Amino acid sequence: MDIKLFHKKDGGVIQLIDKEKMKNWPVELPLIFIEYIREKKLDRYEDNTIKKDIESYLDEIMKEIAIPRLIGVLDSENDEEIILSLTRILDVAKKNIEMVKPIQKYLVDLQKSKNNKVVELSKNISEMFVKAERRKELARKRKIMRQKEKEFLDGKITAQDYAKIRKEYLLLKE
Amino acid sequence: MAKKKVDKSYDLKAAKELYYKYLERGKEIKDFEQPVDTIKIEDLSRNKILNRIYKLTDTIIKQIYNTGRPSIELPSRSSLNIIWDEENDLLLLGKQIMEKQFHSLTSVADITRLMRVLEVVTELLNEDLHATKREVFYTDVNLFSEQKNSDKSIEDVSTMLYTSRNSTHIVAAPRGSCVGRLRIRDRTDIIDLEAQGSGGWTISPFLDQIEIIESDAELILVIEKNAAMMRLAEDRFWRKYPCILLTAQGVGNVATRMFLKRLNKELNLPTFTLVDSDPYGHYIHSVYLRGSKRLSYESPFLATPNIKLLGVLTRDLDKYQIPKAARIRMNKQDEKRTKDLLKEDFVKKNKAWETDLQLAIKLREKAEIQAFATHGFKFLTDEYLPEKLTTGDWI
């Protein structure tokens, strides 16, 4: 099969290349494709059901094609290809860090590489993961903070308890 | 002077019905089956074609040693050896073989050119390079004298090796362009054909590097004239009516026809031509439909047998009230061409087409696509095309 069909409610069809064909693509290209469809096309499809179906197809491509291929390169000893892949991963990570999460564990070993560029790129991507984690934690705390503020105003918790939570939140924020 | 615009809305019902029919049917278009009385041409990898060249040269060397009178055999490309295969609706090359002798005065120039092209092809394949037909001509201007001679030898080499011209790494210079609801991959680049400006994307002759990656089009429209293509592109026709537009600025060159065939086959979309209402326009349609006689050996790779002739039909001239001033009287050459088309088996089998050509002979009139501008510049995009696609008025 060359093409995968997604039927729209209005009778139209979105045709996307079959994921099997991507197995022969340059290693970074499946990621670029996923990013391209998500960023440039998905909103234009309008139909929510089709958007969901295409999202899950893109996830499949990510899981079955893009990541295994990247890992294959990162696991290899070809520094030139590793640098090319890491550069591409860095670009994608800047836009959506979640997309490249599966390669996170490989970054630890790559930081021990003898090639300075490989080390530098792996460090940069790792730092982005740390920052992303921090942002996620902050969002979680912010949500709790709002809840506690409400509880405090309602007199359900003491000023001391509230101050303690507030302090934790502010420390994380800094 | 533009006429007052009539506010009509079109739903492209007939074209959509065809689209749904294709969707329901799926891609069950059976694989091409080579008729027994025709020769089989294959798309070959670099190594395979080099092997064929080496085998051929070995045979010639043996002949030189054994008899001193070498010759080569290749399928004849004369009109007598071109067969219309009714089942596949294609023009194909029959099994008639001709012999070219090295020692004959009548064929010595011909065979020298042929061997020179074979040498060029070997060089291109060995170095994995591509060259245009014009470049091949310039490799030995004295020998070829005119480009038509090198072009003929290029076609002879392809048939002699039983392969497509693209496989020999000789490509046509880019001429066609494409715009609309299509995204392709060219090596590591993703190209959005909606964002290529009014000129569109130039159809690359290196089609082996091109891959269709996304489309939400519902039909394909092939346009004879670049001017008409520009009109549609300027109007962003594909935004209102999801489609892909192509032009080769005249008769479809190899790259355009090959790209169209891929679009039609891979996306399984209804495909239409919009050509001038004259015998040349009808001929252009026929080349997209079932291939040209000159390249009949490549028809299975180039023809789009389910393409429909949307317009401009002869009957459209009255139906859409093209003023007499915008119609041109057919000359003798036009009449001859129309009569020649009427003699073709594939026209005789298509009654609607035959009737339209007979009407052209009767009226002795022709008109360009641009003649619709007499009703206003937007008539083509706002009225003519949507109405035809809504009513199913095609051949």
Side-chain angles (χ1 to χ4, degrees), chain A residues 1-47 49-51 53-55 57-58 61 65-66 69-70 73 81 84-85 87-89 91-92 95, chain B residues 11-29 31 45 180-196 207-220 236 238-244 261-270:
Chain A
M1 202 187 354
D2 297 327
I3 291 281
K4 194 160 167 71
L5 295 177
F6 296 90
H7 293 264
K8 294 193 319 198
K9 275 181 198 154
D10 67 2
V13 159
I14 312 283
Q15 307 203 44
L16 289 181
I17 186 163
D18 190 80
K19 62 185 178 196
E20 289 302 309
K21 288 192 107 183
M22 292 180 197
K23 286 182 177 167
N24 305 318
W25 283 11
V27 69
E28 75 278 14
L29 207 55
L31 268 188
I32 299 175
F33 172 80
I34 294 167
E35 187 193 325
Y36 177 82
I37 299 292
R38 280 202 177 128
E39 297 284 316
K40 303 263 172 77
K41 293 283 149 225
L42 219 50
D43 276 345
R44 264 190 44 179
Y45 297 151
E46 288 167 358
D47 185 328
T49 322
I50 213 164
K51 272 190 200 173
D53 291 346
I54 291 175
E55 272 283 11
Y57 179 57
L58 295 178
I61 297 172
I65 313 283
R69 292 206 59 200
L70 277 175
V73 171
E81 275 197 21
L84 191 74
S85 295
T87 310
R88 212 35 242 158
I89 291 167
D91 286 344
V92 177
K95 289 175 185 163
Chain B
D11 57 6
L12 269 54
K13 191 173 169 241
K16 275 186 191 288
E17 275 169 9
L18 199 59
Y19 170 62
Y20 296 144
K21 196 173 126 193
Y22 286 0
L23 273 180
E24 266 172 42
R25 194 185 59 183
K27 285 185 203 167
E28 59 183 31
I29 305 162
D31 285 335
S45 68
R181 304 265 194 123
L182 179 69
R183 263 56 57 182
I184 55 169
R185 170 176 87 90
D186 186 348
R187 291 190 182 215
T188 54
D189 297 319
I190 290 177
I191 301 169
D192 185 348
L193 272 72
E194 284 185 75
Q196 298 295 305
L207 284 175
D208 48 340
Q209 291 161 13
I210 303 292
E211 208 165 25
I212 297 163
I213 58 166
E214 191 264 3
S215 176
D216 57 347
E218 293 177 12
L219 63 99
I220 302 166
R236 298 285 186 267
W238 61 85
R239 287 203 182 147
K240 193 168 179 188
Y241 305 109
C243 65
I244 299 165
K261 184 174 180 74
R262 269 181 65 184
L263 287 178
N264 174 272
K265 200 176 164 192
E266 288 184 30
L267 298 174
N268 198 22
L269 296 176

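Please read these numbers as outputs of a predicted model, since none were measured by experiment. Because only heavy atoms are used, hydrogens play no part in the values below, and waters and symmetry mates are left out as well, while side chains stay in.
- Contacts of B:R187 with chain A are made by backbone atoms alone, with heavy-atom separations under 4.5 Å and no side-chain atom involved.
- For A:I37, the part sitting under 4.5 Å from any heavy atom of chain B is the side chain, from C-beta outward, and nothing else.
- Heavy atoms closer than 4.5 Å to chain A are found in the side chain of B:I190, but not in its backbone.
- Taking the six-membered ring for Trp, A:F6 and A:Y45 have ring centres at least 6.0 Å apart.
- Considering only heavy atoms from C-beta on, A:D53 stays 4.5 Å or farther from A:Y57 through its side chain.
- Looking only at heavy-atom pairs under 4.5 Å with chain A, the residue among B:R181, B:E218, B:E211 that has the most is B:E211.
- In this structure, chain B has no heavy atom under 4.5 Å from any part of A:K40.
- With salt bridges taken as basic N to acidic carboxylate O contacts below 4.0 Å, one links A:E55 and A:R38.
- With a threshold of 4.5 angstrom between heavy atoms, B:L269 approaches chain A through side-chain atoms but not through N, CA, C or O.
- Chosen from A:P26, A:G12, A:G11, the residue pairing most often with chain B at heavy-atom distances under 4.5 Å is A:G11.
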- Task: Test side chain to side chain contact (heavy atoms under 4.5 Å, CB included) on A:K8 and A:I14 and set out the steps.
- Result: CA-CA 7 Å; A:K8 294 193 319 198; A:I14 312 283; 3.8 Å; yes

- Message: I'd like to know whether A:K4 forms a salt bridge (Lys or Arg N to Asp or Glu O under 4.0 Å) with A:D18, so could you lay out the CA-CA distance, the side-chain angles of the two residues, the decisive distance to 0.1 Å, and finally the verdict.
- Response: CA-CA 5 Å; A:K4 194 160 167 71; A:D18 190 80; over 6 Å; no

- Evaluation steps, salt bridge (Lys or Arg N to Asp or Glu O under 4.0 Å), between B:E214 and A:K41: CA-CA 10 Å; B:E214 191 264 3; A:K41 293 283 149 225; 5.4 Å; no

